[in-house]
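Below you'll find the structure, written out as structure tokens, and then a few comments.
In what follows, every heavy atom counts, from backbone to side chain, and hydrogens, waters and symmetry copies are set aside. Note that this is a predicted model, so its numbers are computed, not measured.
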Amino acid sequence: MNTKKIGDFGEKAAVDYLMELDYKIHERNFRLKFGEVDIIAEKDGCMVFIEVKTRKNNLFGEPSEYVDHKKQERIKRAAAVYADVENTEVRFDVIEVFYEEKDEELFLTKINHIENAF
């Protein structure tokens, strides 16, 4: 299974999860020269910039641990371009999506939403 397909699966699972919780999805894969934000959403007047990490398991650490300082800074820069962060409530979340694979098909096993991750 290629990483793009796995990443797309995780992002779709995260969007579905967020929509169930009444988040309004503004953007997916918001790209700039210096980086990308997987999901930009809004809930209760707060703009939420979300990094999605999709893994089979956590044998090599929690997926959120892969959102290092450099990645956090790129997401914060993108947030500053996207929203007036001085006058808007902003939050940075990580959503960990866990899956299993059977017969070339992916199945969601767990979602862990970390609010205010950084």
query = Does V97 reach the side chain of V52, with side-chain heavy atoms less than 4.5 Å apart?
reply = yes
ask   = Is F107 reachable from I111 through a run of hydrophobic residues whose side-chain heavy atoms are each under 4.5 Å from the next?
value = no
note = d(D93 CG, S64 OG) to nearest 0.5 Å is 11.5 Å
ask   = Any cation-pi pair here, R55 with Y99, using under 6.0 Å and within 45°?
value = no
note = Heavy-atom closest pair (G10 atom, T54 atom, distance to 0.1 Å) is CA-OG1, 3.2 Å
request  = Output every pair passing side chain to side chain donor-acceptor pair (under 3.5 Å) with a member in residues 5-24, not counting sequence neighbours, ordered by first then second residue.
outcome  = K4-D8, E11-N29, K12-D16, Y17-H113, Y23-R91
task = Compare all side-chain heavy atoms of V48 with those of E42 and state whether any distance is below 4.5 angstrom.
result = no
Ion pair E96/K53, N-O distance below 4.0 Å = no
ask   = Between F30 and Y82, does the ring centroid distance fall short of 6.0 Å?
value = yes
query = Side-chain contact, heavy-atom cut-off 4.5 Å: M19 with I25?
reply = yes
ask   = When rounded to the nearest 0.5 angstrom, what distance separates CG in N112 from CD1 in I95?
value = 9.5 Å
request  = Would you mind telling me which of L18, V15, I75 makes a side-chain contact (heavy atoms from CB on, under 4.5 Å) with I50?
outcome  = L18
ask   = Between the side chain of D68 and the main-chain N/O of K71, is any donor-acceptor distance below 3.5 Å?
value = yes
inquiry  = Please list all pairs meeting ring-ring contact (aromatic ring centres under 6.0 Å, His included) that have one or both residues in residues 38-69, counting only residues at least two apart or in different chains.
reply    = F49-F92
task = Could you go through the salt bridge (Lys or Arg N to Asp or Glu O under 4.0 Å) check for E100 and K102 one step at a time?
result = CA-CA 7 Å; E100 61 183 38; K102 184 175 182 183; over 6 Å; no
I6-F98 co-clustered via ILVMFWY side chain contacts under 4.5 Å = no
inquiry  = Working to the nearest 0.5 angstrom, can you tell me the gap between K56 NZ and T109 OG1?
reply    = 11.0 Å
